[in-house]
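Taking it in order: structure first as structure tokens, then the write-up.
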Amino acid sequence: MSCLDCSCIVRTRVESIEPEKQSDSSLHQYLADEHALSWILPSLGGDELTHCTSSVSHYELQVEIGRGFNNLTSIYLARHTPTGTLVAIRITDLESCSEERLKALQNEVVLSHTLRHPNIMTLWTVFAADNWLWVVSPFMTYSSARHLLRTYFPEGMSEALIRHLLFGAVSGLNYMHQNGYIHRSIKASHILISRDGLVSLSGLNHLYSLVNNGQKSKAVYDFPQFSTSVLPWLSPEILRQDMYGYNVKSDIYSVGITACELANGHVPFQDMPRTQMLLQKLKGPSYCPWEINTFPRGESRMKNSRSGVDSGIGESMTRTMTSERLQTPSRTFSPAFYNLLELCLQQDPEKRPSASSLLSHTFFKQVKEQTKGSLLSLLPPAVQHPKLQLATVPSVAVWTKSGCIFPSERGMYWEF
Ligand SMILES: Nc1ncnc2c1ncn2[C@@H]1O[C@H](COP(=O)(O)OP(=O)(O)OP(=O)(O)O)[C@@H](O)[C@H]1O
């Protein structure tokens with residue numbers, strides 16, 4: 001039974017988040033705080049608004065493609081039935097959110113509508129249905145870089161693929177920094193790839209605006225309750241929480257850690273006790289993050305290439321598939337890649353390059369000469385044709401008045 005067949009949907013109360021339509025519930029009041037949401041719908045404008053309506057009954061949930069926000073949010077592939085458009089919907093149970101998490105959600109919804117850039121994830125529409133917040137955005141066919149790692153590159157990606165992904169992510173980040181925002185949650189699961197090979201940065205719920213009341217702060221002292229899962233990517237200055245605070249350069253550190261994650265298949269510090277991780281990060285350049293806790297067999301795959309030639313492309317061509325996963329042979333990485341890592345992971349934030357100068361780094365030279373499609377050509381054939389599988393995705397979730405009945409299986413992830 002599709003969710004549209006369920007009679008209770010018809011009775012589901014769907015609320016726009018325009019202030020005048022807010023319910024009296026404290027959650028909704030919270031979301032409407034400080035006139036924050038009053039301008040969201042008007043600002044959506046254009047095609048997106050007419051395409052994606054704010055009604056639960058217009059969406060048919062297909063399959064859960066991810067979970068986030070400490071499991072409070074489920075991300076669904078869904079069909080917008082009036083237009084047939086495939087969309088991604090993040091559904092969050094507001095009742096289960098702490099004050100801090102509600103603030104983060106509000107932050108994401110409000111701030112993300114001020115950002116317009118091809119490399120930043122767009123929100124098409126946002127509305128509340130009972131105590132559930134629905135955030136509708138474009139469906140990114142290749143999901144996240146984290147998904148690609150988990151499914152196809154458990155031992156890490158080729159340098160060429162990393163180059164494309166990071167270039168898109170840093171381009172979006174550069175736009176954010178120039179507009180006075182710190183992302184604070186750069187990692188592979190927040191780098192999404194569209195059907196056309198366009199890379200978009202998501203994960204905007206920790207976004208912080210440096211501009212308040214017309215004044216731009218030089219340093220930030222806001223230390224939210226970051227979920228423990230994001231700690232490995234955070235800069236030492238964020239973790240230190242001292243009087244010096246942090247600034248946009250903390251994102252550059254996270255870019256360095258994300259580069260290690262993409263290269264190794266695992267984020268450095270992944271299973272390390274938190275105190276030890278902090279100590280390691282504070283120790284500074286005497287450690288090599290790409291060698292920490294990423295290779296259970298005690299051996300790093302990242303080897304420096306003397307020739308400096310990027311072997312990524314050639315090797316990705318010669319890889320063989322074992323079931324779905326790719327056996328990645330031991331690879332070399334170019335000096336340019338190592339140099340990028342070293343620059344980003346410097347202990348002193350001021351010494352780290354800005355996002356804009358990072359885009360001019362030699363590591364990214366080749367990507368500028370290539371087209372959008374070049375990213376797709378670096379993905380294995382099995383990943384390149386997700387359209388074929390899209391037709392066979394069953395509807396698995398049903399929206400009811402009391403809430404969403406999520407699939408019981410945690411493992412119901414979208415596999416290409
Ligand atoms: N628009 C989208 N299209 C396709 N897949 C998506 C989309 N948004 C999210 N996903 C998938 O859902 C996963 C979880 O997304 P989310 O942004 O919640 O990241 P997270 O890092 O797991 O959680 P958190 O943001 O709480 O740290 C992503 O890694 C991605 O695989």
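Here the structure is a predicted model, which means the values were calculated and not measured. This chain uses plain numbering: 1 for the first residue, then up along the sequence. Counting starts at 1 for both ligands and their atoms, in listed order.
Between the side chains of Asn107 and His206, no donor-acceptor pair of N or O atoms lies under 3.5 Å. For the residue pair Glu159 and Ser334, a side-chain donor N or O sits within less than 3.5 Å of a side-chain acceptor on the partner. Using a 3.5 Å distance cut-off with no hydrogens or angles, the side chains of Ser377 and Ser374 do not pair a donor with an acceptor. With hydrogens and angles left out, the side-chain atoms of His80 and Thr83 include a donor and acceptor closer than 3.5 Å.
For Ser137, the heavy-atom gap to ligand 1 drops under 4.0 angstrom. Not a single heavy atom of Ser185 sits under 4.0 Å from any atom of ligand 1. The closest approach between a heavy atom of Ile75 and any atom of ligand 1 is below 4.0 Å. Ligand 1 has no atom lying under 4.0 Å from any heavy atom of Arg146.
To the nearest 0.5 Å, the span separating NE2 on His113 from CG on Leu123 amounts to 4.5 Å.
Ring centroids of Tyr246 and Tyr221 are separated by 6.0 Å or more, keeping the two rings apart.
Taking the six-membered ring where tryptophan is involved, the planes of Tyr338 and Phe333 are perpendicular, since the angle between them exceeds 60° and thus also 30°. Aromatic ring pairs are classed by plane angle as parallel below 30°, tilted from 30° to 60° and perpendicular above 60°; the pair Tyr152 and His147 is perpendicular.
Summary of contacts: the protein heavy atom closest to atom 3 (N) of ligand 1 is Met140 N, 2.9 Å. Annotation: atom 26 (O) of ligand 1 to nearest protein heavy atom, Phe69 N, 2.4 Å.
Ligand-side atoms of ligand 1 in range of Gly66: 12 (O), range being under 4.0 angstrom from any heavy atom. Applying the 4.0 Å criterion to heavy atoms of Gly68 picks out, from ligand 1, the atoms 18 (O), 23 (O), 26 (O).
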Residue pair Arg101, Asp93: steps toward the salt bridge (charged side-chain N to carboxylate O under 4.0 Å, His left out) verdict
CA-CA 11 Å; Arg101 292 206 169 268; Asp93 178 7; over 6 Å; no
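The heavy atom nearest to atom 22 (O) of ligand 1, out of those in Arg67, Arg90, Arg101, Glu108, is found in Arg67.
Between Ser143 and ligand 1, at least one N/O pair is under 3.5 Å apart. Between Lys187 and ligand 1, at least one pair of N/O atoms sits closer than 3.5 Å. Backbone and side-chain nitrogen or oxygen atoms of Phe139 are examined, and none is located within less than 3.5 angstrom of a nitrogen or oxygen of ligand 1. Between Ser144 and ligand 1, at least one N/O pair is under 3.5 Å apart. Between Leu192 and ligand 1, no N or O atom pair is found at a separation short of 3.5 Å. Checking only distances, Asn70 never comes within under 3.5 Å of ligand 1, N or O to N or O.
Look at Asp251 and Arg352 and you find no salt bridge, because none of the NZ, NE, NH1 or NH2 atoms lies under 4.0 Å from a carboxylate O.
When heavy-atom distances to ligand 1 are checked against a 4.0 Å cut-off, Ser189 comes that close through both its backbone and its side chain. By the criterion of a heavy-atom distance under 4.0 Å, the side chain of Ala88, and not its backbone, is placed next to ligand 1.
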